[in-house]
Amino acid sequence: MAASPGPAGGAAAGAVHGSGPFGLAFDSGLEIKTRSVEQTLLPLVSQITTLINHKDNTKKSDKTLQAIQRVGQAVNLAVGRFVKVGEAIANENWDLKEEINIACIEAKQAGETIAALTDMSSLNHPESDGQITIFTDKTGVIKAARLLLSSVTKVLLLADRVVIKQIIRSRNKVLATMERLEKVNSFQEFVQIFSQFGNEMVEFAHLTGDRQNDLKDEKKKAKMAAARAVLEKCTMMLLTASKTCLRHPNCESAHKNKEGVFDRMKVALDKVIEIVTECKPNGETDISSISIFTGIKEFKMNIETLRENLYFQSKETLSAMLDALLERTEDFTDCAYTSHEHRERILELSAQARMELQQLISVWIEAQSKKTKSIDEELELAILKISHSLNELKKELHSTAAQLAADLVKYHADHVVLKALKLTGVEGNLEGLAEYACKLSEQKERLVETCRLLRHVSGTEPLEITCIHAEETFQVTGQQIISAAETLTLHPSSKIAKENLDVFCEAWESQISDMLTLLREINDVFEGRRGENYGYLSLPKPVKNNANLKSLKPDKPDSEEQAKIAKLGLKLGLLTSDANREIEKWEDQEDEIVRYGRNMSSMAYSLHLFTRGEGPIKTSQDLIHQLEAFAEEGLKLASSVQAFSKQLKDDDKLMLLLEINKLVPLCHQLQAVTKIPLQNQVFLKVDKSITKTRCIMATLVQLLSLCYKLLKKLQMENNRWVSVNK
């Protein structure tokens, strides 16, 4: 979140960094630390589960016993790190100290028990055949593993409460400083308070960015991204709008412009708290209606239940659902910008759906009274017919919205109206202002209407949220551009008024560009090229620290540093080739492990190009975003490999899980590197990032090779079992 515009913001960005390893005081990094240790610990607990699930009479080799001992030691070490973090959190939060400390003691005891029970010295002596039994006390390990999971969960839940409190406290500080900024009367006082505001916004950005990354619910994650995007853009707007008000204190349009920024920021701050606390103010409920595509999906699910149960639904319920669904298509048919052909086709398909529902109900009633094969076939045909009609309606609605959006973005790509408003402003042309303000209002209404239609056909909840965010942005920013243009027209020689108008116009242009990306992603979802769990480029990305957003170009490394980076990049490029060769061996190229491996290889290749001064990564913001995405993809790969390991026998499973435990910590270490502020150490950060990425890629190559071998082994065993049982 860019919370440090201008000189004041620069001071803010520098002042917030404490001695903690993540650029903030320890408290602000606790969520990152607990998550890192948790994700290191839980795969190890999974290995313990593997070990205790063996048959009592199973015998293990010396190699396996050594692996078991390493697992026990690794669990104990991870628990030790986890306990240290937990104790530190407890010392900073006295109201939860006793609860956290008790859970930490339990975790420590469990870790020590597991280490003791998996120690070679506690195992039976070798038997005559060279094999030895695995545990003397399996029950003890089971109890310890359960206690460990229970205590770790307690600490994480308590830490989560601490994080939520931190975010609320941070929001309250930001709000209090905003109130002071609203009432400020002198420029000197404004600079002083805005510097404090910059500090507080950077802290809030860190806390909410970490929270956004941790959210599992894609809808909440999209809402958080939208709220943080508003705060990011409005911080710069607040600076220029406030300065314009101070320069022109008697200008009504300048005050209106500033008030609009403050109001939107307050709404966004409240939205963040609503997401993290999962409760709406004053018990409000979400009154936003569901989209047409969601309505069609739910309706089809309901009619398909008739195949299994003729009495599960009532006729009145289905009729009401279809009526509500088709009523929402009026957003398309009543829209002034919908073509006559599209409007007629939507009305025709809506009438057809109503008619086919009546036919379905007629067959349904008959099927309830007599059960014959012909009636079952008629019912199936009626279900298929109405499903087909609704699919055709979906296509028509998508085509209508997509065409409107594409035409609109193309038409306004040159931003003629914005340029005209700027020109009339510096000329002091009030008549021209009225003319172009009217044109911008018309453009705004059309964009808002189109975003509303796109939401109906977006296909996923994150994209729905993005459509709503775009709609609100056009609605608010359009009014603010007009008030900023009016201020400039009344004060045509004012540099600050011109700068203020430029800031709002840039926000508008940026949203137009984002709308094109949004349209592309909606089309991808509709055509099946993108699943619901993919990342969305149109969603605002969590930007943790404005100190990281400076271009890399001003801090050009010397020739020795360049040579080192180039050498690292070359090794990284070779590893991507190795990874691609391993991926090509797999027959199923859509396998999750292959997909995540391919994504990681592609990202690593972009980093390789970056070390040569080529490719899409141009700034440190691009670099950090790519590294964060790469680390996240690595953690997803680890989860997929862990799921695959459940199909394997104990020895193979243990071997694979030990490899996973090399990958997970490396990914967390890379995430930690991205959070370290630049502080004029660009080369050092790039060096660490590329080095860590190279280690991850080397592990990836080994992991892909091992997974492929174990998959082939599993397939051969399954085929042998099938042939034996024929």
Side-chain angles (χ1 to χ4, degrees), residues 1-32 92-93 162-213 224 227-243 246 258 261-262 264-266 268-273 276 503 540 542-550 620-621 624 674-681:
M1 188 181 299
S4 50
V16 78
H17 304 305
S19 57
F22 298 103
L24 285 175
F26 174 76
D27 266 1
S28 298
L30 72 88
E31 186 171 15
I32 301 164
E92 295 289 334
N93 298 273
V162 172
V163 171
I164 291 171
K165 285 182 180 179
Q166 286 180 342
I167 293 173
I168 292 172
R169 280 200 300 267
S170 181
R171 188 282 304 256
N172 291 342
K173 284 195 293 183
V174 169
L175 275 177
T177 307
M178 281 177 64
E179 286 180 15
R180 292 173 61 199
L181 282 172
E182 281 186 278
K183 298 171 184 175
V184 74
N185 291 317
S186 73
F187 192 77
Q188 186 177 1
E189 185 185 2
F190 170 78
V191 170
Q192 183 181 359
I193 297 171
F194 193 84
S195 178
Q196 179 186 339
F197 176 73
N199 275 344
E200 292 165 353
M201 283 300 292
V202 171
E203 180 186 358
F204 191 71
H206 274 266
L207 292 169
T208 55
D210 291 337
R211 192 68 179 178
Q212 180 183 325
N213 285 332
M224 179 72 90
R228 295 180 74 247
V230 169
L231 293 170
E232 177 186 339
K233 290 182 180 178
C234 282
T235 302
M236 176 58 85
M237 295 174 180
L238 184 145
L239 176 64
T240 57
S242 297
K243 284 164 68 177
L246 289 169
K258 186 184 88 167
V261 178
F262 275 94
R264 196 166 189 222
M265 288 190 79
K266 287 173 185 175
L269 287 166
D270 288 342
K271 179 62 71 176
V272 169
I273 300 305
V276 298
V503 166
V543 181
K544 304 294 182 65
N545 189 331
N546 205 52
N548 287 336
L549 303 185
K550 298 173 184 176
S620 58
Q621 181 181 6
I624 290 164
T674 64
K675 293 172 178 66
I676 299 171
L678 288 178
Q679 295 177 336
N680 299 320
Q681 296 290 323

For this session: Would you indicate whether the side-chain heavy atoms of Ile164 and Arg211 approach each other to under 4.5 Å?
Result: yes
Problem set entry | Reported CG-to-CZ distance for the pair Leu246 and Phe190, which is rounded to 0.5 angstrom | 6.5 Å
For this session: Check whether any side-chain N or O of Arg228 sits under 3.5 Å from a backbone N or O of Ala205 as a donor-acceptor pair, and report yes or no.
Result: yes
For this session: Please identify each residue that fulfils side chain to side chain donor-acceptor pair (under 3.5 Å) with Asp270, with sequence neighbours left out.
Result: Arg171
Exercise. Which is it for Phe262 and Cys234 under the side chain to side chain contact (heavy atoms under 4.5 Å, CB included) test, yes or no, and what are the steps along the way?
Worked result: CA-CA 8 Å; Phe262 275 94; Cys234 282; over 6 Å; no
Problem set entry | Separation between CG of Asn213 and CE of Met224, rounded to the nearest 0.5 Å | 10.0 Å
Exercise. Would Met178 and Met201 count as a side chain to side chain contact (heavy atoms under 4.5 Å, CB included) if you check the C-alpha gap in whole Å, the side-chain angles of each, and the deciding distance to 0.1 Å?
Worked result: CA-CA 11 Å; Met178 281 177 64; Met201 283 300 292; over 6 Å; no
Exercise. Going from CE on Met265 to CG on Leu175, what distance comes out if it is rounded to the nearest 0.5 angstrom?
Worked result: 9.5 Å
Exercise. Distance-only, no hydrogens or angles: does the Thr208 side chain make a donor-acceptor pair with backbone N or O of Phe204 under 3.5 Å?
Worked result: yes
Seminar exercise, completed: Rounded to the nearest 0.5 angstrom, the CG-CD1 distance for Leu269 and Ile168 is 12.5 Å
For this session: Carefully, step by step, assess Phe194 and Val184 under the rule side chain to side chain contact (heavy atoms under 4.5 Å, CB included).
Result: CA-CA 10 Å; Phe194 193 84; Val184 74; over 6 Å; no
Seminar exercise, completed: Applied to residues 172-187, the salt bridge (charged side-chain N to carboxylate O under 4.0 Å, His left out) test, sequence neighbours excluded, yields Lys173-Glu203, Glu182-Lys266
Exercise. Are any side-chain N or O atoms of Ser195 and backbone N or O atoms of Val191, one a donor and one an acceptor, separated by less than 3.5 Å?
Worked result: no
Seminar exercise, completed: In this structure, NZ of Lys258 is separated from CG of Leu238 (nearest 0.5 Å) by 8.0 Å
Exercise. Got a second to check how far Glu92's CD is from Gln166's CD, nearest 0.5 Å?
Worked result: 9.0 Å
Exercise. When you check the side-chain N and O atoms of Gln188 and Gln192, is any donor under 3.5 Å from an acceptor?
Worked result: no
